[in-house]
Amino acid sequence: MSIYKIIFSPTGGTDKVANSFVQAFGQEAKTIDLTDFATDFHQISLTQEDICMVAVPSFGGRVPAIAAERLEKIRANGAKAILIVVYGNRAYDDTLLELKTILRNSGFCCVAAVAAVAEHSIMHRYAQGRPDHKDLEELSQFAKQIRQRIEEGRIPDDLVLPGSSPYREYHGVPIKPVTKKNCTNCGLCAKKCPVQAIPLTNPSKTDHKKCISCMRCIGICLTHSRSINKILAAIAANKMKKVAVNPRKTNYFSEHNCRFVFLHSWKPSHPMQPLGSAKIF
Ligand SMILES: Cc1cc2nc3c(=O)[nH]c(=O)nc-3n(C[C@H](O)[C@H](O)[C@H](O)COP(=O)(O)O)c2cc1C
């Protein structure tokens, strides 16, 4: 039996949440990086004994299309999946439901799910500093309970998750990173761009049609040479104010026919709120 972290985390927020799960399983995990365009995902074949934490951010209330495309290529052969969706305090809409559908089609057995909050990777004023230590402690408690359930063979035949189909429409956001004059053409952003939108030798020629605005190139640039239009970002952030400003709590799902499972030893660190909806993302 192997533990896998199957992850799409352009700027690291999703990874923080996934790691708290992986650690709670107390066994070293193998990483399958869904941002890596060079991996042949068709070659990945798992077994029924394997346990996988599958973690993606919510982009526009959906699974990022490129992550979905790569997940669909994996042959799971009944491997168990714990679904982890991370969002920037607006809403995750249909992301969990979509992820479940993708994973089931790839042959995963969906055991449990979580929707957690991390700092918004475009509008950093939302969910700043999250996941915080309370979030991570809660997540780790939940992960330990799920590990125990798996050991005892208590696996739901159908994990009931929020969301509806047809899924929320998402056509990307108009905020695209650009290159500043101090760029050294080192090529790191091109090598790490999940969708190969940046040419290796000329980052200023970024293909905005391919770009998914994931913000990875900004986060990893050693010379801080990539940025987004701050005015556009501020306008978008203001539009989201009503739905994203109050801290949301983590949602946990682990039982057949049960929407939110509150564990007895578990207390929410952030107030309950209805899922928000905003016109942008
Ligand atoms: C293009 C894009 C779209 C996003 N859409 C949403 C959204 O619909 N709802 C939300 O709450 N957060 C949204 N976010 C915020 C991310 O889900 C959140 O910041 C997440 O932690 C990013 O994952 P990462 O740090 O692993 O890259 C979006 C971020 C990006 C870059």
Side-chain angles (χ1 to χ4, degrees), residues 5-22 31 33-36 53-68 84-99 114-132 135-136 139 162-163 167-177 189 192-195 197 208-220 226-229 232-233 236-237 239-251 270 273-281:
K5 178 173 74 170
I6 304 179
I7 182 119
F8 186 84
S9 183
T11 65
T14 308
D15 201 36
K16 273 188 203 158
V17 174
N19 283 340
S20 71
F21 253 83
V22 168
T31 299
D33 183 1
L34 297 168
T35 67
D36 183 10
M53 326 289 156
V54 185
V56 299
S58 178
F59 280 7
R62 300 284 305 274
V63 175
I66 190 70
I84 301 171
V85 160
V86 178
Y87 69 111
N89 206 58
R90 197 235 356 129
Y92 56 90
D93 300 293
D94 302 322
T95 319
L96 269 180
L97 184 66
E98 186 182 10
L99 183 60
V114 70
V117 175
E119 183 166 315
H120 202 295
S121 51
I122 301 179
M123 292 165 271
H124 295 275
R125 70 167 90 156
Y126 298 123
Q128 207 164 47
R130 292 185 74 189
D132 55 28
D135 292 321
L136 295 175
L139 284 160
Y167 306 129
R168 188 178 196 263
E169 275 193 39
Y170 175 64
H171 304 289
V173 295
I175 301 173
K176 307 288 179 190
C189 56
K192 294 288 179 185
C193 172
V195 292
H208 285 174
K209 279 198 185 120
K210 277 190 185 171
C211 171
I212 56 168
S213 306
C214 72
M215 305 294 133
R216 168 165 279 182
C217 55
I218 296 180
I220 56 154
R226 295 197 47 104
S227 64
I228 51 169
N229 183 317
L232 266 185
K239 281 194 181 172
M240 277 198 10
K241 218 174 184 171
K242 267 195 190 150
V243 288
V245 78
N246 293 320
R248 293 182 189 282
K249 58 180 286 302
T250 311
N251 294 154
H270 301 281
Q273 277 178 319
L275 300 181
S277 61
K279 286 205 178 67
I280 335 163
F281 51 106

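Side chains included, hydrogens not; waters and symmetry mates left out as well; all remaining heavy atoms used. Both counts, for ligands and for their atoms, begin at 1 and track the order of listing.
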Participant: Is there a side-chain contact between T95 and Y87, using heavy atoms and a 4.5 Å cut-off?
Facilitator: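 Side chain of T95 against side chain of Y87, heavy atoms only: no contact under 4.5 Å found.
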Participant: Return the set of residues passing side chain to side chain contact (heavy atoms under 4.5 Å, CB included) with S9 (not counting sequence neighbours), or none when no residue passes.
Facilitator: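 I7, T14, D15.
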Participant: On a heavy-atom basis, I'd like to know which of A91, G61, A118, G219 is closest to atom 9 (N) of ligand 1.
Facilitator: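 That would be A91.
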Participant: Return a yes/no value for G88: is any of its N or O atoms, backbone included, closer than 3.5 angstrom to an N or O of ligand 1?
Facilitator: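 Yes: some nitrogen or oxygen of G88 is under 3.5 Å from one in ligand 1.
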Participant: Specify side chain, backbone, both or neither for N89, according to which of its non-hydrogen atoms lie closer than 4.0 Å to ligand 1.
Facilitator: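 N89 to ligand 1: backbone contact only, side chain stays beyond 4.0 Å.
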Participant: Ignoring hydrogens, just give me the one of P10, S58, P57, S121 whose non-hydrogen atom is nearest atom 17 (O) of ligand 1.
Facilitator: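 Selected option, by shortest heavy-atom distance: S58.
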Participant: Test E119 against every option in H124, Q128, R125 by the side-chain hydrogen bond (donor to acceptor under 3.5 Å, both in side chains) rule and name the one that passes.
Facilitator: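 By the side-chain hydrogen bond (donor to acceptor under 3.5 Å, both in side chains) criterion, E119 pairs with just one of H124, Q128, R125: H124.
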Participant: Kindly indicate whether the side chain of H120, heavy atoms from C-beta on, has any atom under 4.5 Å from the side chain of N89.
Facilitator: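 A side-chain contact is absent here, since even the closest heavy-atom pair is not under 4.5 Å.
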Participant: Indicate, as side chain, backbone, both or neither, the part of E119 found under 4.0 angstrom from ligand 1 when only non-hydrogen atoms are considered.
Facilitator: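 Just the backbone.
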Participant: Heavy-atom distances under 4.0 Å are what count here, so tell me which part of Y170 touches ligand 1: side chain, backbone, both or neither.
Facilitator: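 Under 4.0 Å from ligand 1, Y170 contributes side-chain atoms alone.
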Participant: Using a 4.0 Å cutoff against the non-hydrogen atoms of T14, which atoms of ligand 1 qualify?
Facilitator: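 Contacts of ligand 1 toward T14, numbered from 1: 23 (O), 24 (P), 25 (O), 26 (O).
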Participant: Does G60, backbone or side chain, put an N or O under 3.5 Å from an N or O of ligand 1?
Facilitator: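 G60 vs ligand 1: N/O contact under 3.5 Å present.
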Participant: Using a heavy-atom cut-off of under 4.0 Å, does the side chain or the backbone of A244 touch ligand 1, or both, or neither?
Facilitator: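 Neither part.
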Participant: Could you tell me whether the side chain of V56 reaches within less than 4.5 Å of the side chain of V86, counting heavy atoms only?
Facilitator: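 The answer is no, as the side chains (C-beta and beyond) never meet within the 4.5 Å cut-off.
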Participant: Could you check whether any side-chain heavy atom of Y170 comes within less than 4.5 Å of a side-chain heavy atom of D93, counting everything from C-beta outward?
Facilitator: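 A side-chain contact under 4.5 Å is absent here.
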Participant: Residue-level breakdown please: for I122 versus ligand 1, do any non-hydrogen atoms fall below 4.0 Å on the side chain, on the backbone, on both, or on neither?
Facilitator: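 Side chain only; the backbone of I122 stays clear of ligand 1.
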Participant: For a 4.5 angstrom cut-off between non-hydrogen side-chain atoms, does C214 reach S121?
Facilitator: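 A side-chain contact is absent here, since even the closest heavy-atom pair is not under 4.5 Å.
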Participant: Short list, please: which atoms of ligand 1 are under 4.0 Å from a heavy atom of S213?
Facilitator: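 With S213 as reference, the close atoms of ligand 1 come out as 1 (C), 31 (C).
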Participant: With a 4.5 Å limit on heavy-atom distance, are the side chains of K16 and D135 in contact?
Facilitator: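 Counting from C-beta outward, K16 and D135 never come under 4.5 Å.
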